Trainee: 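I have a structure I would like to understand better, so I am pasting it below and will then ask my questions one at a time.
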Amino acid sequence: MRDGRMKQIEALVARRETVSMEELRRTFGVSMNTIRADVAKLVEGGAVEKVYGGVRAVRKQEVPLFTHRMELHTQEKKRIARYAQKLVRDGDILYIDAGTTAMHLIDCLDPAKHVTVVTGNLYVVGRAYAKPHVDLIVLPGGMNRRTNSVADGGTLEFLARYRCGKAFMGASGVSPDGRLNVSTYMEYELKKLAVEQSQQAFLLLDGSKFGGNSLLSYGALEDMEEIITDIYCPQEVREQCARKGVKLTVIE
């Protein structure tokens with residue numbers, strides 16, 4: 001119930017730009033303490049910012065459409081996915097994140113291996129049909145055309161039921177301090193939960209994703225078991241991973 005209410009609060013603030021705390025309390029029929037707790041969680045996630053007497057929408061970085069992003073750096077993304085599939089063992093339970101790099105993992109899986117895939121990535125869902133040894137668990141939710149995936153408040157409750165051995169994650173970018181950026185509060189919650197529910201998490205992303213900042217980040221480089229990227233990974237990122245003891249694999 002709380003996740004659904006917070007999603008509605010975020011949507012209301014995004015539509016109105018600024019909303020008072022008292023109006024939120026009246027609109028959702030809960031106590032002021034409950035509204036303050038909800039707002040504090042949204043502020044922590046970067047979805048809204050606190051102003052005197054209320055909250056204000058945070059202007060988010062626009063993520064290009066999936067159809068545009070999937071055409072960028074395609075060969076590098078496929079090479080990253082081919083390496084990542086070597087980490088998959090027979091019987092594994094995998095979480096495959098939304099994104100135009102992680103999605104290629106489904107095409108690269110060894111057809112002889114029996115695996116279970118948990119995902120909301122619609123590309124993965126479509127390709128898994130032709131993989132008889134892949135047991136597919138599809139997350140519920142509304143479709144997001146920008147990410148070609150599904151997610152809403154109910155997705156979090158559904159995903160929380162499952163424990164995965166390995167999560168193959170993406171990010172909209174990596175900031176200079178090593179934070180893993182996302183563009184919406186729902187992505188923040190979903191990716192954060194996926195990592196928490198998995199024994200190991202691997203970050204798959206091409207070198208163009210390094211640099212830039214965002215108000216929302218679901219984790220950091222050091223939260224990952226391994227970072228898998230390409231030769232365009234900046235030198236400062238390589239040095240940062242070395243300092244922090246993060247395994248970095250650069251695909252030539």
Side-chain angles (χ1 to χ4, degrees), residues 1-63 95 97-99 118-120 139-144 146-147 149-164 167 169-175 177-199 201 203 212-224:
M1 180 179 292
R2 185 188 184 194
D3 286 334
R5 185 175 63 247
M6 288 172 64
K7 187 67 178 173
Q8 291 173 358
I9 292 173
E10 182 184 3
L12 176 63
V13 175
R15 187 168 65 250
R16 296 272 301 279
E17 293 192 355
T18 302
V19 183
S20 73
M21 298 292 282
E22 177 58 26
E23 184 176 357
L24 289 175
R25 185 194 68 76
R26 291 198 310 268
T27 299
F28 294 97
V30 294
S31 70
M32 185 59 76
N33 284 341
T34 297
I35 283 296
R36 288 194 184 104
D38 288 350
V39 166
K41 186 70 173 176
L42 288 168
V43 169
E44 178 187 344
V48 302
E49 59 185 353
K50 198 78 172 61
V51 295
Y52 182 76
V55 290
R56 179 172 60 195
V58 172
R59 188 178 298 275
K60 299 181 178 68
Q61 176 185 355
E62 282 294 314
V63 176
Y95 177 84
D97 194 17
V118 180
T119 190
L139 300 180
M143 183 175 71
N144 183 334
R146 290 197 170 275
T147 60
S149 64
V150 294
D152 58 27
T155 313
L156 301 173
E157 181 180 354
F158 187 89
L159 179 58
R161 303 172 187 170
Y162 295 94
R163 294 286 296 171
C164 298
M169 304 299 298
S172 60
V174 178
S175 60
D177 62 356
R179 305 299 295 176
L180 310 179
N181 298 334
V182 293
S183 60
T184 68
Y185 178 73
M186 181 51 63
E187 287 180 289
Y188 159 79
E189 289 283 11
L190 187 57
K191 290 179 188 291
K192 186 168 176 287
L193 178 60
V195 172
E196 291 172 353
Q197 293 292 101
S198 301
Q199 294 176 354
L203 184 65
N213 286 288
S214 174
L215 288 169
L216 291 158
S217 62
Y218 73 91
L221 292 173
E222 54 265 35
D223 298 326
M224 299 291 113

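Remember, it's a predicted structure, so these values are computed and weren't measured experimentally.
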Trainee: Mind checking whether R5 and D38 have side chains closer than 4.5 Å, heavy atoms only?
Mentor: yes
Trainee: If you measure from CE on M32 to CZ on R26, what distance do you get to the nearest 0.5 Å?
Mentor: 9.0 Å
Trainee: Find out whether E189 and K41 are in side-chain contact, i.e. whether some heavy atom of one side chain is under 4.5 Å from a heavy atom of the other.
Mentor: yes
Trainee: Evaluate the side-chain proximity of T119 to Y95: yes if any heavy-atom separation is below 4.5 Å, no if none is.
Mentor: no
Trainee: Looking at NZ of K191 and OG1 of T184, how far apart are the two atoms once the value is rounded to the nearest 0.5 Å?
Mentor: 9.0 Å
Trainee: Can you check whether N181's main-chain N or O pairs, donor with acceptor, with S172's side chain at less than 3.5 Å?
Mentor: yes
Trainee: Is the shortest side-chain heavy-atom distance between V195 and M169 below 4.5 Å?
Mentor: yes
Trainee: Go through the steps to decide whether T27 and I9 satisfy the test side chain to side chain contact (heavy atoms under 4.5 Å, CB included), and finish with yes or no.
Mentor: CA-CA 9 Å; T27 299; I9 292 173; over 6 Å; no
Trainee: To check you understand the geometry: which heavy-atom pair defines the closest contact between L180 and A171, and what is its length?
Mentor: CB-CB, 4.4 Å
Trainee: Counting only N and O atoms by type, is there a donor-acceptor contact under 3.5 Å from the side chain of N144 to the main-chain atoms of V150?
Mentor: no
Trainee: Do V13 and R56 make a side-chain contact, defined as non-hydrogen atoms from C-beta onward lying under 4.5 Å apart?
Mentor: no
Trainee: Nearest 0.5 Å, what's the CG-NZ distance between D223 and K192?
Mentor: 10.0 Å
Trainee: Side chain to side chain contact (heavy atoms under 4.5 Å, CB included) for V182 and L190? Distances and angles first, verdict last.
Mentor: CA-CA 10 Å; V182 293; L190 187 57; over 6 Å; no
Trainee: Taking side chain as C-beta onward, heavy atoms only, is Y218 less than 4.5 Å from L193?
Mentor: no
Trainee: Ignoring hydrogens, what is the shortest heavy-atom contact between E23 and V19? Give both atom names and the distance.
Mentor: OE1-CG1, 3.8 Å
Trainee: Quick one: which residue pairs count as a salt bridge (charged side-chain N to carboxylate O under 4.0 Å, His left out) with a foot in residues 27-37, not counting sequence neighbours?
Mentor: none
Trainee: With distance as the sole test, does T155 use its side chain to make a donor-acceptor pair with the main-chain N or O of D152 at under 3.5 Å?
Mentor: yes
Trainee: Can you sort out the partners of R163 under salt bridge (Lys or Arg N to Asp or Glu O under 4.0 Å), two or more places apart, ordered by chain and number?
Mentor: none
Trainee: Supply the atom-to-atom distance L42 CG to M6 CE, rounded to the nearest 0.5 angstrom.
Mentor: 4.0 Å
Trainee: Rounded to the nearest 0.5 Å, what separates atom CD in Q197 from atom CG in L156?
Mentor: 10.5 Å
Trainee: Any side-chain heavy-atom pair from V174 and R179 closer than 4.5 angstrom?
Mentor: no
Trainee: Would S175 and D177 count as having a side-chain donor-acceptor pair, cut-off 3.5 Å?
Mentor: yes
Trainee: Between K50 and V39, which heavy-atom pair has the shortest distance, and what is it?
Mentor: CD-CG1, 4.0 Å
Trainee: Of the non-hydrogen atoms in A167 and S198, which two are nearest, and what is the gap between them?
Mentor: CB-OG, 3.3 Å
Trainee: Within this structure, what is the CG-CD distance for the pair L139 and E157, rounded to the nearest 0.5 Å?
Mentor: 12.5 Å
Trainee: Is R25 paired with E22 through a side-chain N to carboxylate O contact shorter than 4.0 Å?
Mentor: yes
Trainee: Excluding sequence neighbours, so at least two apart, what forms ring pair (Phe, Tyr, Trp, His ring centres under 6.0 Å) with F158?
Mentor: Y162
Trainee: Does some side-chain heavy atom of F28 sit less than 4.5 Å from a side-chain heavy atom of L12?
Mentor: yes
